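What follows is a set of notes on a single structure, which appears directly below.
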Amino acid sequence: MDLTVAADRAALDKARDALGPGRIALVPTMGALHEGHRSLVRLAREHADHVVVSVFVNPLQFAPNEDFSRYPRTFDADLRACEEEGVAVVFAPSAEDMYLPDRQVEVSAGGMGGVVEGAFRPGHFDGVLTVVLKLFNLVRPDVAVFGQKDAQQLALIRRMVADLDVPVSIVGAPTVREPDGLALSSRNRYLSEADRATALALSRALRAGAARAETAGPAGILDAARAVLEEAARFDPPLLLDYLILADPATFAPVADGHRGEAILAVAAKVGTTRLIDNVVLTL
Ligand code: PAF
């Protein structure tokens, strides 16, 4: 079936009706699609008969000092990628179509939205959950796929679905990495060659922490990861650490000594003008 591009909600309704019977999977994106997004689409196809990809750079989840205006927009290439991956519908609304000019109500990400990543990006997760709930209401998918790379976002979407009885199954997809370990991200295209060399410290730090998971407790894991990040703070350009945390993957509360079971080792740092995040799930 050919790819249909729906530029507003009326066109989306029409395209959705034309899909015929079967399960629908939604892959919400902000465009600038890369191999990581393609892997989300492939996973979505395993869970549904039709895949809808949304492409919308959501102004609500960017603070005024963040990169909304320079966020990469590569719509033609995104459409080609969707076509190659067998996507049925690309929903690419304008901000005017998504948000009423006098809108008042937003989803609150609650306390969990204000910790870790949320402490550095106040309001970010409210903006994410608001647009994701709207996309769920507009597309009405059976299942939606999100990357594990945005681990706190994934955990909060699971929370929203549970807390607000949203009838959509959430599937998490593993992080896709470059051969040298760098997690794929639309923001990687901002990195100069020198930035990129420094940025590799994120995944190196996570590997160093993970290597201690069998023998060390939370403090030992964090120490091993921090040593790598401290070394990279002396590189040119330097790595500027926002946070390194070992947290409960469902709540993002820091895990205490003696914790058993899964824990997420998550890091965020700036390299040059680019802010990067990465994480790995460990079993303690
Ligand atoms: O992960 C993203 O790309 C965005 O946060 C999402 C889920 C598409 C909402 O705008």
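Just so we're clear, the structure is a prediction, and the values are computed from it rather than from any experiment. Hydrogens, waters and symmetry mates are skipped; everything else that's a heavy atom, side chains included, is used. Remember, it's 1-based here, ligands and their atoms both numbered in the order they're listed.
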Closest approach of any protein heavy atom to atom 1 (O) of ligand 1, naming residue and atom: Gln153 NE2, 2.9 Å

With Ser108 via side-chain hydrogen bond (donor to acceptor under 3.5 Å, both in side chains) - residues at least two apart: none

Nearest neighbour in protein (non-hydrogen) for atom 3 (O) of ligand 1: Met30 CG, 3.7 Å

Candidate with minimal heavy-atom separation from atom 4 (C) of ligand 1, of His124, Lys134, Gln61: Gln61

Thr29: numbered ligand 1 atoms lying under 4.0 Å from its heavy atoms: 8 (C)

For Val131, the ligand 1 atoms whose distance to one of its heavy atoms is below 4.0 Å: 9 (C), 10 (O)

Parallel, tilted or perpendicular: ring planes of Phe146 versus Phe136, cut at 30 and 60 degrees: perpendicular

Of all pairs that satisfy side-chain hydrogen bond (donor to acceptor under 3.5 Å, both in side chains), the ones with a partner from residues 205-222, not counting sequence neighbours: none

Parallel, tilted or perpendicular: ring planes of Tyr71 versus Phe62, cut at 30 and 60 degrees: perpendicular

Numbering as shown, the atoms of ligand 1 that approach Pro28 to under 4.0 Å (heavy-atom distance): 8 (C)

Side-chain heavy-atom pair Glu85, Val27 within 4.5 angstrom cut-off: no

